[in-house]
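What follows is a short report on a single structure.
Naming convention: chains lettered A, B, ... in sequence-line order (proteins, then strands); numbering from 1 in each chain.
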Amino acid sequence: MAEQAAGAGSTAAPSPPPPKKLWADVEFGDELEALTVTEPEKKQQQQEEEEDLVDTSPAETGGSKTLKFVGALEAETEIKKVVADDTPYTSAKSFEDLKLSPELLQGLYSEMKFEKPSKIQAETLPMIVTPPYKNLIAQAHNGSGKTTCFVLGMLSRVDPKMKAPQALCVCPTRELVIQNEEVVLRMARYTGVTTASTANADSNSLSTSSSRLGKIVDQVVIGTPGTLKRWMTKDRILETKHIKILVFDEADQMLAQDGFQDDSMRMLKNIERSHVNLQVLLFSATFSDQVKDFAMRTIPRANYIFVEKEALSLDVIKQYKIHCPTSSAKIDTLKDRIFPAAEKLGQSIIFVRTRGSASELHKRLEADGHKCTSIQGGLTHEERDRVIREFRSGRTKILIATDVLARGFDQAQVTLVVNYDIPVKNTHPYEPDYETYLHRIGRSGRFGRKGAAFNLLVNEQDERNLRKIERHFNKMIPDVAWDDDNGIEQVLKDAGLA
DNA sequence: AAAAAAC
C-alpha cells in the first residue's frame, strides 16, 4: 500500500487530498458510533439533571484523597463515574462544547461524518480536553466509541506547528496500531498533524527504522510496545520531552502482568522523567478487579469511569453454546451447520486457542472446499496485512484467528463470532479468560448492530469453563443441538440475523 | 501448558 511505502517518518496530510477510500469499501464502525444515539430522550434528561446537580453542588474540600462520587449516570448500565478533585465537568452535548479547533471540528463533521458525541464521548471528552488535563481511566462497552475519545484527546492537545512527538498511543497488536492510525489520519485531515507508526516502519523491509530515519517529527506516534521502547532507548529516534499525552489502548492488557506491564511501566517511567504533568489515558472495555487495582495505583489522581461486569455482556450479541460429542463433531458443526447459515449473513471470525490450530483448522476447512483465511502472530507482517486487507475488503467472509484479533478489531460486517476454543488463561488447570471472552464476542454486533456468538464445547472442561463464564457475567447462555441445522438457523433468526 | 511484541 502506498501509505506503507512512506515509512515510519511521515504520513503527512497538510492539505486535504481527495477523499481516499481506506480499507477498500469498508467503513470503520467508528463512523457510525456518533450517529447511533439509542439513548431514550427521558433517560438523557435524567442524566442531564444529575449532571447539573453535580455541577451546582458546593465544592467539597479535602484534596485528591477524597474522591467525589458523581453517581450512577444511568441506572441500567451501572456506570460509575468519579472525578479526582472538584473540577466540574459537564457532559458534552455537542462537539462544539469542547472548544476544539475549527480544523478538528471539520474533520469530525465532514471526514468522520459524526453528528454528536456518543455517550462515552460525551462523558469522557470534557475530562480529557479540559485543563488541567487530568489522567483518566475509562471503561466502556465494546464498540461504543472509545477510539474517538482518545484520538480526539490526542489531536486536541498537539500543536501542528511544533515538529516533534507530542502524543503517544500504545496498542497491543500491529492490527490495532494500523486501525488507530487510520482513525487519527482521517480525523486530523484538516489539521496538518502528521503521524508515525511502528507498523509502517517494520513492514518496510528496505532498512531498519534507525538507520533510515532521523528523529521522528510527527506530532502523533502510534505503536506496539516493543518497537516503541526501542525507538525511545536504543534507536533514540523517539524524543519524549514534548509528549503531553500518553494513551494506552486496551489498557487492561497493556498493564496486565501476563500482558505488557513491564514494557508499559518502563515507557511510562521513561516519559514521566521529563514531565511534571503528563496526561495518561487508559481505555478498555474490560478491567479485571486485579488490573483495575493496579491501574488506579499506577495512575494516581485519575478521573475514572467503570462499568459493572454484568452490564458489559451486551444483549445485542446473542450467545449460544453447542455441545459436540467429539472433536470431529466440532468441525462438522462448523462446516455443515454454522457455515451455511453464516455465509448468508455477513462475515465471521472463528477464534482458536493456538497458532497451530489456527493454521490447521484453516487447512482442513480449505481442503473441504471452504473459502477462508487465517491470521496469527506467527505469520509475517506482510501476510498479516494481506489477510486483514482481504477481510476488510470483504473478499473473504470467514477468518480464523488467534486472540491477536480478539480485541479492538473493528469491522462492521462481522455478524458472527465462533469460539471454536473457549478462551482460557494459561493456568493450572485452565481457567476461563473472562475478559478475552467479552472482547471476542464484541467483534460482532458493532455499534448496536445485530450479532451472534457460538461457543463449541467438546469436553467436561469446556462445559465447566462456560458455566463459569455464565456465572461471572450473570448471563444464561442457551443450548443449541449440534446435529440440528434447523436449530442453528432458528437461533440466528431469533438473533435477528437470518 | 497461550497469545500478544520483539529481542
Item to check | Separation of B/dA3 P from A/Arg440 CZ (nearest whole Å) | outcome: 11 Å

Checklist entry - If you check the A/Gln253 side chain, which of B/dA6, B/dA4, B/dA2 turns out closest? => result B/dA4

Next on the checklist: Students often get this wrong, so: under 4.0 angstrom with heavy atoms, is A/Arg355 touching a base, only sugar-phosphate, or nothing?
Outcome noted: sugar-phosphate

Next on the checklist: Could you work out, with ring pair (Phe, Tyr, Trp, His ring centres under 6.0 Å) as the rule, every residue matching A/Tyr434, not counting sequence neighbours?
Outcome noted: A/His472

Next on the checklist: For A/Lys425, give me all partners under side-chain hydrogen bond (donor to acceptor under 3.5 Å, both in side chains), at least two apart in sequence or on another chain.
Outcome noted: none

Next on the checklist: From the set B/dA6, B/dA2, B/dC7, return the single nucleotide nearest to any side-chain atom of A/His381.
Outcome noted: B/dA6

Item to check | A/Arg407 CZ - B/dA4 C1' separation (whole Å) | outcome: 10 Å

Checklist entry - For the pair made of NE2 in A/His439 and C1' in B/dA4, what is the distance, rounded to whole Å? => result 13 Å

Next on the checklist: Under 4.0 Å, heavy atom to any atom of DNA chain B: which of residues 456-472 of chain A qualify?
Outcome noted: none

Next on the checklist: So, does A/Thr402 get its side chain near the phosphate of B/dA2, meaning an N or O under 4.0 Å from OP1 or OP2?
Outcome noted: no

Next on the checklist: From C-beta outward on A/Thr227, which listed nucleotide comes closest to its side chain: B/dA4, B/dA6, B/dA5?
Outcome noted: B/dA6

Checklist entry - Separation of A/Asn426 atom CG from B/dA4 atom P, in whole Å? => result 13 Å

Checklist outcome for this item: Taken in chain and number order and not counting sequence neighbours, the residues that satisfy ring pair (Phe, Tyr, Trp, His ring centres under 6.0 Å) with A/His370 are A/Phe339

Next on the checklist: Per the side chain to side chain donor-acceptor pair (under 3.5 Å) rule, what does the pair list look like for residues 324-334 of chain A, sequence neighbours excluded?
Outcome noted: A/Thr326-A/Ser328, A/Lys330-A/Asp421

Checklist entry - Looking only at side chains, do A/Asp258 and A/Asn426 share a donor and an acceptor under 3.5 Å apart? => result no

Next on the checklist: Whole angstroms only, please: what is the CD1-P distance between A/Ile422 and B/dA2?
Outcome noted: 18 Å

Next on the checklist: Can you see if the side chain of A/Arg384 gets near the phosphate of B/dA5 - specifically, an N or O under 4.0 Å from OP1 or OP2?
Outcome noted: yes

Checklist entry - Rounded to the Å, how far apart are A/Lys229 NZ and B/dA4 P? => result 18 Å

Item to check | Side-chain donor/acceptor contact of A/Asp403 with base of B/dA3 under 3.5 Å | outcome: no

Next on the checklist: Rounded to whole Å, how long is the line connecting atom CD of A/Gln376 with atom C1' of B/dA4?
Outcome noted: 12 Å

For residues 276-289 of chain A, which side-chain donor-acceptor pairs fall under 3.5 Å, sequence neighbours excluded?
from     : atom 1 : to       : atom 2 : distance (Å)
A/Gln279 : OE1    : A/Arg157 : NH1    : 2.9
A/Gln279 : NE2    : A/Ile128 : O      : 3.0
A/Gln279 : NE2    : A/Lys134 : O      : 3.0
A/Ser284 : OG     : A/Asp252 : OD1    : 2.8
A/Ser284 : OG     : A/Thr286 : N      : 3.1
A/Ser284 : OG     : A/Thr286 : O      : 3.1
A/Thr286 : OG1    : A/Asp252 : OD2    : 2.6
A/Thr286 : OG1    : A/His439 : NE2    : 2.7
A/Ser288 : OG     : A/Val291 : N      : 3.2

Next on the checklist: Quick check on B/dA6: is either OP1 or OP2 less than 4.0 Å from any side-chain nitrogen or oxygen of A/Thr224?
Outcome noted: yes

Item to check | Salt bridge A/Arg386-A/Glu390, side-chain N to carboxylate O under 4.0 Å | outcome: yes

Checklist entry - Rounded to the Å, how far apart are A/Glu250 CD and B/dA3 C1'? => result 14 Å

Checklist outcome for this item: CD1 of A/Ile178 to OG1 of A/Thr173, rounded to nearest 0.5 Å, is 8.5 Å

Checklist entry - Counting only side-chain N and O atoms of A/Arg230, is one of them less than 4.0 Å from OP1 or OP2 of B/dC7? => result yes

Item to check | Pair of N/O donor and acceptor under 3.5 Å linking B/dA2 base with A/Asp258 side chain | outcome: yes

